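As structure tokens, the structure follows; a few thoughts come after it.
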Amino acid sequence: MTQKDLDAAIAVTRFGLGARPGEIDAAGKDPRGWLKAQIRPEGADIFKTDGETSSQRLAEFREYRQERAMARQDKAAPPPPTPPTPPTPPSSAMQMDAIKPAADPVQAARQFIRQNAAGDVLGRIQLASETDAGFRERWALFWANHFTVSANKVQLAGLVGPFENEAIRPHVFGRFADLLAAAETHPAMLIYLDQAQSVGPNSRAAQFQRRGGPRRGLARNDDQPRRTLGLNENLAREILELHTVGVDGGYAQADVTEFARALTGLSIAGPREPGVEGVVFRDATHEPGERTIMGVRYAQDGKAQAGAVLADLAAKPQTARFVCTKIARHFVADDPPPALAARLEKAWMASRGDLGRVAEALVDAPEAWAPQPAKLKTPYEYVVSSYRALGQEPRGLGQVNAALNGLGQRPFGAPSPKGWPDEAGPWAASDALVKRMQFAQQLGSVFGPRVQAPTELASQTLGARLTPAVATAISRAESRPEAVALLLMSPEFQRR
Amino acid sequence: MTAPLLSRRAFAAAGLALPFLARVAEAAVPAGKKLVVVICRGGMDGLSVAAPVGDPDYRALRGGLALGDDALKLDGTFALNPALPAVHKLALAGQARIAPAAATPDRARSHFEAQDVLETGAAGVYATTSGWLNRAVQSMAAAGKVEALSVGPTAPLILRGPAPAGSWSPGRGVDATSRLPTLLQDLYRDDPLLGPALARGLATETLARESGAAGDGMTGGQMRPAAGQGRDAAQAMGQSLAEFLKAPGGPQIAAVSLDGFDTHANQAPLLATRLASLDALLDGLHTGLGPVWKDTVVLVVTEFGRTARANGTGGTDHGTGSTALVLGGGLKAGGIVGDWPTLKRQALFEDRDVYPALDMRALEKGLLADHLGVDRRALDATIFPDSAGVRPLLGIA
């Protein structure tokens, strides 16, 4: 075994998403070059969906809401002479599964939204399972998690996929400032972190409402009782704490509130804004006046105000430090070597936040190639790398969903804006080990019988990282399914 | 792991009386006592859990978020959210009390910092990587076997650390005929992370099957739902946990998390749904425990409360003081736990939040001391580091 053999295995399993048969050989000639060839200015791959944009999905959700409102009115009134016909979803969305369409239009619409989301989840995991650019895909997954949008509201279920494809993936090897701007101003983020409803307390709209006027030009949710228009500081706080400078980045409550004021006006189009879809900036709800955020004054210039704040945040050294430490933690170790984070930070600052340069610096960093694998795979990484090892991809969502739900990583369902944990602690629960074993047994029983030589599969999957103890155990397995399950549960496969 | 217990049994079986040894062990870990910590993640709005409806400033501050006439009256000042009928029933029986102005020592209003401080029990953020409940287990384990369990697919920080702790969530169970568990335990022999975790997971599966916690079969005439977020899933989770706690060799210490309390917008209906799940979880636990309820204390906490005023989007933003709940069949009589600082403008913390009148650690230390006999030195130094200045709040359990 040469150093190059080990580097090839590390390139594919630690930087990438795990080896498909033949992949370690392909990386073997020049492991670092193989990784760098995956970095490209146009960004990460776009996963397959039904092709609908976030704007289309938003429009569909609005229809659903209107249907629901009508259904409620119908309940109060005598039944109509003919039952309403369920909306016919575009055929592309029905390719997924043959779920019986619900008779009730509201149920049908809900089901349709769920199917959109399910199609997105499947497209995403299929891309991860089959791509030959595993490093590029892992890099994209890192940024999607950094800018988490979780489907914790029905409206968001169909938006998380488009968000990732529209706002994250095109920018992951570009400038951080562009990625930040795209993520924070995407409708999915504005809904997830409640920005869409935030209104400047001294804006024209709020003043008009205080004088007793109707709430003109606002996306009014008919379910909600009338309330005083005002600020919501959720997005402002999480941009500072989670997306840019980090909680120790040197801001206080007053900065959060000021930033929230600067962000007002940024919203999504409502039913009374025909012809507009997606993000809008409403002067009428923007808080007028200068803002001071982290010691910098931002002159009143409407829409550009929040943009200027975001650009400044992107350029701050605290942001470079916070995000580079996170990259190092994701790729190399829960407690990453400070020298590695410093190297990434240097590349970030020298390139003014060029993420392609940062990715190259990661590949070039000797600390990233430590022989001992220090990272436990997350459930998603474990499931994806299992399919890759077998040269397969999930064909339906049933099995994948059951496994990921059981392991606590429901697709598009991160528990908070912080995203999924990146350390072993939460994932190494004793129950989780049992459930990983059950998944390995399941895949073993489905795909194992077709595996010709399990020991060869093990060496294709782990290369120079395969230990003699595991190789021996696999060679002594009583059946092919058992051999496959042993491979997937081996200590070296569970880590990267 | 089972050595101390087994050896005491062995001595007893051999007719040897070891009264001194037994007394020491019992003094340190009262037999049969159970402690369950429920973490409501996202920053639970204490003013909507136990609303100070009798506080003269309450309605003006809360506006549309103020509870209506259907609030469940506790005393002249407080009433519970209507989504908490089971808690209310327990409160009327003296088996549930509220701590309406509790907070961790963290003041950053960040979920993640505040959850870190809540779960580590440290005086400041990111000061230690293990949880206070785990260190409490470790401290008690010195005197006898103590088992700890978290319910849910991931391991919560509050129970991570040096003492072994199991976890469980609903699933298919383990195929008893497979050789795989044995083969893996062999491969994991020298693996400090995977080895103990798998062994414990398999043992917990066995316990789940034997105690009925796994829930295959009928409970109370109904099939338990396997997993999920709703009220029924929460009730089933409470029942499963109760089965574990009751089982011989089952855990004395347990932790459960509920998500979704970060209610920045459209708060009233969202929170009602989450509180209904909390109520169902506690009800499942209470009814499932039967006679063991009298030996059980349940503590419900959150990382911070929310702004006293409603925000501009029908919700509330991150705040400070919130409501903790203490429940159990053997609680001491009394009113609210800790002081009520009121909602007067000058009493609000930074003119914004419920004033943090009670350090959550005081309550936690008091419960560990009263209910589980944990030593004061351990409480002050190791379980809650650098907390000698925070006196245990005694006389609750």
Side-chain angles (χ1 to χ4, degrees), chain A residues 152 193-194 196-199 201 206 221 223-234 237 241-242 247 253 256 260 376 379 405-409 415-418 421 424-435 437-438 440-441 444 469-470 473 477-478 482 485-486 489-491 494, chain B residues 41-42 63-64 108-113 125 129 150 152-157 160 165-172 174-175 178-181 183-184 186-188 191 193-194 196-205 227 259-260 262 264-266 269 310-315 317-318 350 352:
Chain A
N152 63 348
L193 292 179
D194 306 307
Q197 296 155 281
S198 188
V199 170
N221 180 347
D223 303 339
Q224 286 177 26
R226 243 187 115 78
R227 53 179 168 71
T228 313
L229 296 175
L231 220 50
N232 185 310
E233 64 184 38
N234 202 10
R237 180 185 302 279
E241 177 176 341
L242 299 176
V247 73
Q253 176 61 44
V256 174
L376 181 75
N405 283 341
L407 289 166
Q409 199 168 19
S416 80
K418 195 178 182 182
W427 299 124
S430 60
D431 175 67
L433 262 286
V434 173
K435 292 202 162 57
M437 185 179 79
Q438 290 166 342
Q441 279 174 311
V470 169
E478 66 176 10
E482 186 182 273
L486 275 169
M489 283 307 287
S490 66
Q494 289 295 322
Chain B
R41 295 180 193 275
R109 298 191 184 94
S110 146
H111 292 297
F112 316 109
E113 273 208 9
V125 71
T129 54
S150 62
T154 54
L157 176 55
R160 297 208 295 265
S167 78
W168 181 83
S169 66
R172 292 180 303 125
V174 174
D175 174 8
S178 168
R179 305 197 312 164
L180 193 61
L183 295 174
L184 286 178
D186 200 36
L187 281 181
Y188 290 178
D191 193 312
L193 182 71
L194 304 180
L198 181 63
R200 196 151 272 277
L202 293 168
T204 306
E205 277 298 326
D259 289 333
D262 193 21
H264 285 275
N266 197 21
N311 69 11
T313 57
D317 291 320
H318 301 183
E350 295 179 353
R352 176 185 160 104

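Quick caveat: nothing in here was measured; it's all calculated off a predicted structure. What's counted below: heavy atoms across the whole structure, side chains too, no hydrogens, waters or symmetry copies.
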- Message: Measuring only between side-chain heavy atoms, which start at C-beta, is A:L376 closer than 4.5 Å to B:L194?
- Response: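 A side-chain contact under 4.5 Å exists here.
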- Item | Non-hydrogen side-chain atoms of A:L407 and B:P153 separated by less than 4.5 Å |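 No, side chains not in contact.
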Least distance between heavy atoms, [X] atom then [Y] atom:
X	Y	value
A:G425	B:A155	O-CB, 3.8 Å
A:S430	B:G201	CB-N, 3.4 Å
B:H111	A:E241	N-OE2, 4.4 Å
B:L187	A:A469	CD2-O, 3.9 Å
A:V247	B:S110	CG2-CB, 4.1 Å
B:S167	A:A432	OG-N, 4.4 Å

[X] versus chain A, heavy atoms under 4.5 Å apart: side chain, backbone, both or neither?
X	result
B:R160	side chain
B:P269	neither
B:D262	side chain

How long is the gap from [atom1] on [X] to [atom2] on [Y], to the nearest 0.5 Å?
X	Y	atom1	atom2	result
B:T313	A:L229	OG1	CG	10.0 Å
A:M489	B:L198	CE	CG	6.0 Å
B:L183	A:S490	CG	OG	13.0 Å
B:H318	A:N234	NE2	CG	5.0 Å
B:R179	A:E482	CZ	CD	4.0 Å
B:N266	A:Q197	CG	CD	7.5 Å

- Residue list, salt bridge (charged side-chain N to carboxylate O under 4.0 Å, His left out) with B:R41, at least two apart or on another chain: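 In terms of salt bridge (charged side-chain N to carboxylate O under 4.0 Å, His left out), with neighbours along the sequence ignored, B:R41 is linked to B:E119.
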- Item | Under the salt bridge (charged side-chain N to carboxylate O under 4.0 Å, His left out) test, residues paired with A:D431 that sit two or more places apart |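 Partners of A:D431 under the salt bridge (charged side-chain N to carboxylate O under 4.0 Å, His left out) test: A:K435.
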Please look at [X] and chain B and tell me whether the side chain, the backbone, both or neither of the residue comes under 4.5 angstrom of a heavy atom of that chain.
X	value
A:A428	both
A:L242	side chain
A:N152	neither
A:Q494	side chain
A:L231	backbone
A:A424	side chain

Heavy-atom pairs under 4.5 Å with chain A - which of [options] has more of them than the others?
options	result
B:E350, B:R109, B:E205	B:R109
B:A199, B:P181, B:G260	B:P181
B:A310, B:S169, B:G64	B:S169

- Cationic N near anionic O, under 4.0 Å, A:E233 to B:R352: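 Judged by the 4.0 Å cut-off on N to carboxylate O distance, A:E233 and B:R352 do form a salt bridge.
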- Start with the C-alpha gap between A:Q409 and B:T154, add the side-chain angles, then the distance that decides, and say whether side-chain contact (heavy atoms from CB on, under 4.5 Å) holds. CA-CA 9 Å; A:Q409 199 168 19; B:T154 54; over 6 Å; no
- Side chains of B:H264 and A:D194: donor-acceptor distance under 3.5 Å anywhere?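 There is no such pair (donor and acceptor under 3.5 Å, judged by atom type) between the side chains of B:H264 and A:D194.
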